[in-house]
Amino acid sequence: MNLRIHDTLTDSLQDVLPADGKRVGFYCCGPTVYAAAHIGNFRTFVVQDIFRRALELSGTPVKHVRNLTNVDDKTIRESQAQGQSLQAFTGYWTEKFHADCEALNLLRPQIEPGAVEHIAEQIALIQTLMDKGHAYQAGDGSVYFRVESFPAYGRLSRVQERELTTATAQSDDEYDRDSLSDFALWKAAKPEDGPNVWESPWGKGRPGWHLECSAMSMKYLGPSFDVHSGGIDLTFPHHENEIAQSEACTGETFARLWFHVVHLMVDGHKMSKSLGNMYTLEDLRAKGYRPEEVRYALIAGHYRKHLNFTMASLDAARPNLQRLAKLEKQLHQAAGTPKRPPYGVLCKTRPDCGRFSPAFEALLENLNVPRALGELFKAAGELEKAPQSVTAEDYTGLVVMLEALGLRLPEVEAVTAPEEIHVLARARLEARKNKDWARSDELRDQLSARGWAVKDAKDGYELEPV
RNA sequence: GGCGUGGUGGCAGAGUGGUCUAAUGCGCGGGAUUGCAAAUCCCGUAUUUCGUCGGUUCGAAUCCGACCCACGCCUCCA
């Protein structure tokens, strides 16, 4: 069974297959590194991560490229405002981004190109477009793509008419373009750019935003590649422009399949600064949530629907992950405690998933994670009720699902408590043996005040950090 | 104004013509267990009900129409 996904271009489900028969070329629009990415950004990246995992686990290798936008209006403006070099500024936020990705268990793309390191490729692309008559330099010194010269414009977002009405509404002539639909390929230097300008055949300046993705995707995946993905808002104009400039340049189909992730909502509304609901991973960690819980909450809805992110949805993650952790341990033992097969091995062996097969199949059908979770827990419930029927495939299947969803599980073994805590716990055990319940409860309160929960066992106790 | 998406139990969220008296999770209620708890386990948890009203059909949460409501996009926002 192949992975199928909703293709924006054809508005239909399409099999995801590598054109070269070997591996799927996969390009994702990455973050602009000028501030901490918020959980909305991460919803998109997590969905893309699951897409990749599902493909790889079903036996199709993926060449994953995700760019870093490290030169644009925002990065330049902010770095200037903070008196830092563009490189130091974006470097800082790139590191932060990587740390968040690691915490959220996102597979690192094999290639993560930065726009500022690919100026030459972008200039070359513009030159070709100039030579072919698809671009022109305007009076303001900037170079623009002539949308009119590309008849297929609007195919992805089906946007022709909308664009016209919007364009006429914008009577303001802040740009010196021939048509308001035309977009910048090269932006002429302005005083506020400071040192962040580059030489080009059209004078000093810097590349337009859309161009970097064309230049870098084609450099690393070829002029025509399998899958391109991003947030829904990028459909227009970003991806439309990417298609126009790339295909006008090469004459070949750019990406063959596109999928877009619908926005995350917070408490029923879009994230915005004024509502104060633009959470970053750090914000949520400060509230006591773990990254794996955030990841769980982010995948709880289908990627083609708005997902309403709430603290309640985050709270639901913890017991679910704990249940899975326990199940994993049980199945591992029931299966004879084999070595847990690592991700890479599972991708090569494409194992039988036992009772978790329906869960994996749900994933292959347009990345239906909510249904996959439903199937996952259904199988879990069966196995919890009939532990004697657990097979090796069941254990492997659970591991496959955990890997496919990228769920890291909390450690089920009790964390070792410091001796002073054990002293209290032993005293309580003693009090209980003497049936001194008042003293026992007092000691339990003391333990609780120090951050430890005590659970009574047959002839002892267990300690757990709260 | 233009375009679009969606309205399913306390919450989240599957299900897109019949096996739906609607998956799954959280939550909640009851029970077992416990000195009391915690943890764990068991059971229950949508008044033929899926925004409202009509229609199509042997049959609809699922198709069609109208209406109401919510949300989103149309600005270099994932």
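Values below: every heavy atom of this structure, side chains too, minus hydrogens, waters and symmetry copies. Everything numeric in this text was worked out from a predicted model, so none of it was measured.
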* **Geometric cation-pi criterion, A/Arg66 with A/Phe45: 6.0 Å, 45°** => yes
* To do: With heavy atoms under 4.0 Å as the rule, sort A/Gly208 into base, sugar-phosphate or nothing.
  => nothing
* To do: For B/A37 versus B/C26, give the span between their C1' atoms, rounded off to a whole number of Å.
  => 22 Å
* Are A/Glu384 and A/Arg355 within salt-bridge range, i.e. N to O under 4.0 Å? -> no
* To do: With C1' as the reference atom in both, quote the distance from B/A60 to B/G18 in angstrom, rounded to an integer.
  => 9 Å
* Asked: Closest to the A/Pro319 side chain: B/U24, B/C26, B/C77?
  -> B/C26
* Any N or O donor-acceptor pair linking the side chain of A/Ser440 to the base of B/G35 at under 3.5 Å? -> yes
Please output the side-chain donor-acceptor pairs of residues 363-373 of chain A that fall under 3.5 Å, not counting sequence neighbours, one pair per line with the distance.
| unit_1 | atom_1 | unit_2 | atom_2 | d |
| --- | --- | --- | --- | --- |
| A/Asn366 | OD1 | A/His6 | N | 3.0 |
| A/Asn366 | OD1 | A/Tyr303 | OH | 2.5 |
| A/Asn368 | OD1 | A/Arg371 | N | 3.1 |

* Structure fact -> The answer to which of A/Tyr303 and A/Gly374 contacts RNA chain B further toward the 5' end, by nearest nucleotide, is A/Tyr303
* Asked: If you look at every strand shown and take non-hydrogen atoms under 4.0 Å, does A/Lys385 touch a base, only sugar-phosphate, or nothing?
  -> sugar-phosphate
* For A/His38, does its backbone N or O pair with a side-chain atom of A/Asn41 as donor and acceptor, under 3.5 Å? -> yes
* **P gap between B/U5 and B/A66, integer Å** => 14 Å
* **Base of B/A78 paired with side chain of A/Thr44 (donor-acceptor, under 3.5 Å)** => yes
* A/Tyr34 and A/Ser79, any side-chain heavy atoms less than 4.5 Å apart -> no
* To do: Check the side chains of A/Tyr220 and A/His118 for a donor-acceptor pair under 3.5 angstrom, ignoring hydrogens and angles.
  => yes
* **Nearest-Å distance once atom C1' is located in both B/U57 and B/G51** => 23 Å
* Taking CG from A/Asn41 and P from B/A78, how many angstroms apart are they, rounded to a whole number? -> 5 Å
* Asked: B/A39 C1' sits how many Å from A/Arg323 CZ, rounded?
  -> 15 Å
* Any ion pair linking A/Arg295 and A/Glu292 (charged N to carboxylate O, less than 4.0 Å)? -> no
* At under 4.0 Å between heavy atoms, what does A/His238 touch on the DNA or RNA strands: base, sugar-phosphate, or nothing? -> nothing
* For B/U52 and B/G7, measure between their C1' atoms and round to the nearest Å. => 11 Å
* Who pairs with A/Tyr296 by ring-ring contact (aromatic ring centres under 6.0 Å, His included), at least two apart in sequence or on another chain? -> none
* Asked: Closest to the A/Pro370 side chain: B/C42, B/A78, B/A14?
  -> B/A14
Between the protein and nucleotides 36-38 of chain B, list every N/O to N/O distance that falls short of 3.5 Å.
| unit_1 | atom_1 | unit_2 | atom_2 | d |
| --- | --- | --- | --- | --- |
| B/C36 | O2 | A/Arg444 | NH2 | 2.8 |
| B/C36 | N3 | A/Arg444 | NH1 | 3.1 |
| B/C36 | N3 | A/Arg444 | NH2 | 3.3 |
| B/C36 | N4 | A/Asp456 | OD2 | 3.2 |
| B/A37 | N6 | A/Asp456 | OD2 | 3.2 |
| B/A37 | N3 | A/Arg444 | NH1 | 3.0 |

* To do: Send over the distance from A/Lys74 NZ to B/A78 P, rounded to a whole Å.
  => 5 Å
* Structure fact -> Whichever of A/Met271 and A/Ala312 has the more 5' nearest nucleotide on RNA chain B, that residue is A/Ala312
* Distance between C1' atoms of B/U8 and B/A38 (Å, rounded) -> 35 Å
* Structure fact -> Writing each nucleotide of RNA chain B 5' to 3' as (, ), [, ], | or . by Watson-Crick or G-U pairing under 3.5 Å yields ((((((((.[[[..)..(.....]]]((((((.......)))))).....[[[[[..)....]]]]])))))))....
* To do: Check every strand shown and say whether A/Gly40 touches a base, only sugar-phosphate, or nothing at a heavy-atom separation below 4.0 Å.
  => base
* A/Lys305 has a side chain; which of B/G72, B/C42, B/G6 sits nearest to it? -> B/G6
* Please report, rounded to the nearest Å, how far the P atom of B/C77 is from the NE2 atom of A/His38. => 11 Å
* Asked: Mind checking what makes ring-ring contact (aromatic ring centres under 6.0 Å, His included) contact with A/His238, not counting sequence neighbours?
  -> A/Trp209, A/His210
* Asked: Say you pick atom C1' in B/A22 and the same atom in B/U62; how far apart are they, in whole Å?
  -> 11 Å
* Atom-pair distance (CZ on A/Phe236; P on B/G4), nearest Å -> 15 Å
* Identify the residue among A/Glu293, A/Glu102, A/Glu403 that makes a salt bridge (Lys or Arg N to Asp or Glu O under 4.0 Å) with A/Arg408. => A/Glu102
* Asked: Nearest to the side chain of A/Lys326 - B/A78, B/G13, B/U40?
  -> B/U40
* **Any side-chain donor near an acceptor of the partner, A/Asp72 and A/Thr75, under 3.5 Å** => yes
* Asked: Base, sugar-phosphate, or nothing for A/Leu307, non-hydrogen atoms under 4.0 angstrom?
  -> sugar-phosphate
* Spacing between A/Asn368 atom CG and B/A23 atom C1', to the nearest angstrom -> 11 Å
* Structure fact -> A/Asn366 atom CG is separated from B/U16 atom C1', nearest whole Å, by 14 Å
* side chain to side chain donor-acceptor pair (under 3.5 Å) against A/Ser448, all qualifying residues, sequence neighbours excluded -> none
* Separation between the C1' atoms of B/U19 and B/G59, rounded to whole Å -> 14 Å
* To do: Grab the CZ-C1' distance between A/Arg439 and B/G35 for me, whole Å please.
  => 17 Å
* Structure fact -> Checking B/C71, B/C77, B/U24 against the side chain of A/Phe377 (C-beta onward), the nearest is B/U24
* Counting heavy atoms from C-beta on, name the nucleotide in B/G13, B/C26, B/A78 closest to the side chain of A/Asn320. => B/C26
